[in-house]
Structures are given as structure tokens and as C-alpha cells.
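Quick notes on the structure that follows.
Residue numbers start from 1 in every chain, and the chains themselves are labelled A, B, ... in the order their sequence lines are given, proteins ahead of strands.
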Amino acid sequence: MRADSLIILDFETTGLSPDIGDRAIEIGAVRLEGGEVVDKFQALMNPGFQVSRFIADYTGITNAMLADALSCEEVMHEFANFIQGSNLIAHNASFDKRFLDAELARIGRHYDGEFSCSLLVSRRVFQDAISHKLGELVKYTRVKSNGEFHRALYDSEMTAKVWLAMLDDIGERYGAFDLSFEQIKTLAKTPKKSVGKLLAGWGSA
DNA sequence: TGCCAGGCCCTCTTTAGGGCCTT
């Protein structure tokens with residue numbers, strides 16, 4: 001595992017759960033090293049059935065676009081190669097992890113990284129934010145955006161910028177820099193009221 | 001921008017209910 005390589009990923013899907021037949025239709029991801037985006041991955045994928053009007057409207061991904069796309073199986077083999085050796089971040093990671101696990105299980109592939117969640121971390125670091133939706137966090141952190149949300153690569157890029165803004169905020173407020181992935185995972189499950197003490201302790205260590 | 005599912009988190013809680021997030 002490369003401690004300095006972190007992949008922020010985002011799926012667009014046909015619905016909310018692979019347990020009821022939903023499939024991935026797009027994957028986007030950026031690789032962060034040393035606080036910089038050093039690589040990107042984006043691909044539409046054909047789920048083998050028509051997506052609903054709601055999903056087409058929500059994502060802008062139409063059935064015509066998917067008709068020319070590679071299959072989920074072909075794309076996910078490429079993506080499995082892309083993420084090997086890196087830890088993973090997603091906004092509301094429980095959602096993306098379910099789809100990643102389901103799509104990789106279909107092709108017999110595995111990944112060796114661990115997940116953490118930018119939503120859970122943001123609820124702890126930005127406790128005064130009115131909302132922790134990705135779009136609202138982009139405004140809160142004053143990240144530049146053209147508003148093209150709900151496409152996988154764009155959302156992964158915005159998540160990466162919010163993620164870096166959170167790390168900057170932790171550094172500025174607590175003097176805690178270069179947190180390890182294990183520290184991030186600890187932060188993501190620490191009770192909100194204990195977060196200040198935890199980060200102050202890391203800052204003075 | 002949904003009614004689907006599921007994890008997190010809060011509270012008028014824990015033998016539960018409902019809002020927040022993700023598509």
C-alpha cells in the first residue's frame with residue numbers, strides 16, 4: 001500500500017442500491033499524491049438495460065450515451081487496476097463502496113485499499129456547515145465550481161478539493177498536518193464533541 | 001430533483017423513529 005496515494009472516487013448509478021438490481025453507469029476518480037491530482041479515471045459503462053428518466057435527468061447521462069459505452073465488466077476491470085495499492089475516499093462512502101463491491105464481485109476482482117468517507121469527516125471538521133451535501137460543502141469551502149454536479153469525474157474532483165480544504169482547515173486550526181489514513185479513519189468515527197480534543201492532541205504531538 | 005436501500009447520527013433513545021446523505 002502506497003501511503004502517499006489516495007483515490008477519490010464517485011459512481012453514477014441507475015439507482016440507490018445494487019441489492020435491488022441497480023448498476024453503475026459511470027465511474028470517475030482522481031488520484032491524489034502530496035495534495036495534488038496526479039492522475040484521473042473516467043468512463044461511462046453500459047449496464048445492459050435502459051436507465052430511468054429520473055436518472056437521465058439527474059445525471060445528464062442518456063441511454064444514447066450508454067449505448068456506445070463499454071460494458072460494466074470491461075470498465076470495472078480497468079478501474080480495478082487503477083485503484084490497486086491506494087486507499088479510497090468517497091462522499092458518503094457507504095454508497096459508493098456498495099456499488100464498487102457489487103461490480104467487482106461480478107467480475108471476481110478485489111481491491112486492497114481501505115475506505116474512508118469525506119461526508120463523515122466533514123460532519124466533524126465543519127460542524128457549523130448548514131448542510132454536508134457535496135454541493136453545499138463546495139460553497140462552504142469556497143472551492144471554485146461551474147456547477148456541473150452529478151457527473152462522476154466532476155464530483156470526484158470537487159470531493160478532492162473539499163477534502164484538501166478540510167485537511168488545510170485541520171492544519172490551520174489545530175496545527176495537525178499530514179494526517180495518516182489511520183488517523184483519518186479514527187477522525188471519521190470520533191464523536192463530534194470529542195473532535196476538537198482529538199485534533200488538538202494530534203497538533204501538539 | 002423520488003417512493004426504492006442502508007449507514008450514520010440525533011433525540012422526546014437503546015424493546016425507536018426520523019432526518020441526512022448517496023443515485
Side-chain angles (χ1 to χ4, degrees), chain A residues 7-30 41-66 69 72 75-76 79 83 88-106 114-141 143 145-163 165-166 184-198:
Chain A
I7 285 177
I8 291 84
L9 63 93
D10 182 67
F11 279 103
E12 304 305 318
T13 71
T14 64
L16 289 172
S17 175
D19 294 339
I20 56 174
D22 287 317
R23 299 293 304 272
I25 56 174
E26 188 181 36
I27 179 67
V30 298
F41 188 104
Q42 184 276 331
L44 291 170
M45 54 189 121
N46 189 328
F49 56 88
Q50 299 278 297
V51 302
S52 68
R53 170 64 69 85
F54 173 81
I55 290 298
D57 289 347
Y58 186 81
T59 63
I61 299 169
T62 65
N63 285 301
M65 292 162 67
L66 294 174
C72 293
V75 170
M76 291 308 298
F79 191 63
I83 63 177
L88 308 169
I89 299 282
H91 200 63
N92 200 11
S94 68
F95 175 87
D96 292 279
K97 183 177 187 299
R98 279 202 304 277
F99 278 95
L100 180 64
D101 290 350
E103 292 294 347
L104 292 184
R106 284 173 172 268
E114 294 185 81
F115 257 101
S116 190
C117 176
S118 56
L119 171 64
L120 296 183
V121 174
S122 74
R123 282 176 173 161
R124 288 160 174 79
V125 176
F126 297 143
Q127 294 193 20
D128 59 345
I130 294 172
S131 164
H132 294 85
K133 290 180 184 176
L134 179 59
E136 293 301 317
L137 288 174
V138 164
K139 294 177 188 172
Y140 182 86
T141 54
V143 165
S145 166
N146 61 14
E148 296 178 355
F149 291 103
H150 307 307
R151 286 299 299 268
L153 180 60
Y154 190 79
D155 282 4
S156 67
E157 289 173 332
M158 290 297 103
T159 301
K161 289 184 177 181
V162 168
W163 180 260
M166 283 197 290
I184 293 293
K185 289 183 66 178
T186 298
L187 173 59
K189 59 185 179 185
T190 296
K192 283 185 184 179
K193 62 183 179 182
S194 305
V195 164
K197 184 177 180 180
L198 177 76

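A distance-only check finds a donor-acceptor pair linking the side chain of A/D155 to the backbone of A/H150 [under 3.5 Å]. A/Y154 contributes a side-chain N or O that, together with a main-chain N or O of A/N146, makes up a donor-acceptor pair within less than 3.5 Å.
Between B/dC8 and B/dT13, the two C1' atoms lie 15 Å apart (nearest whole Å). Rounded to whole Å, the separation between the P atoms of B/dC3 and B/dA16 comes to 25 Å. Look at the P atom in both B/dC20 and B/dT15: the space between them is 25 Å, to the nearest Å. If you take atom C1' in B/dT23 and the same atom in B/dA5, they sit 11 Å apart, rounded to whole Å. Taking atom P on both B/dG18 and B/dC12, the two are 15 Å apart, rounded to the nearest angstrom. Spacing between B/dG19 and B/dC4 at atom P, rounded to whole Å, works out to 12 Å.
Within a heavy-atom distance below 4.0 Å of DNA chain B, the residues of residues 9-20 of chain A found are A/D10, A/F11, A/E12, A/T13, A/G15, A/L16, A/S17, A/D19, A/I20.
Read 5' to 3', the first and last nucleotides of DNA chain B with an atom closer than 4.0 Å to a heavy atom of chain A are B/dT1 to B/dT23.
Within the 4.5 Å cutoff, the side chain of A/L66 has heavy atoms near those of the A/V51 side chain. By the 4.5 Å heavy-atom criterion applied to side chains, A/T159 and A/L134 are counted as neighbours. Using a 4.5 Å heavy-atom threshold, the side chains of A/F41 and A/L9 count as separate.
With DNA chain B read from its 5' end, the first of the two nearest nucleotides for A/A188 and A/S52 is the one closest to A/S52. Mapping A/I130 and A/S94 onto DNA chain B by nearest heavy atom places A/S94 at the nucleotide closer to the 5' end.
Note on ring orientation: taking the six-membered ring where Trp is involved, the planes of A/F95 and A/F99 are tilted (angle from 30° to 60°).
Within 6.0 Å of CD1 in A/I130 there are 12 or fewer heavy atoms belonging to other residues, nucleotides or ligands.
Using modelled atom types and a 3.5 Å distance limit, the side chains of A/D22 and A/T14 yield a donor-acceptor pair.
Residue A/L120 is in sugar-phosphate contact alone, with no base atom involved, counting any heavy-atom pair closer than 4.0 Å across all strands shown. Using a 4.0 Å heavy-atom distance criterion, A/K189 is classed as making no nucleic acid contact.
Residues satisfying the ring pair (Phe, Tyr, Trp, His ring centres under 6.0 Å) test with A/F115, not counting sequence neighbours, are none.
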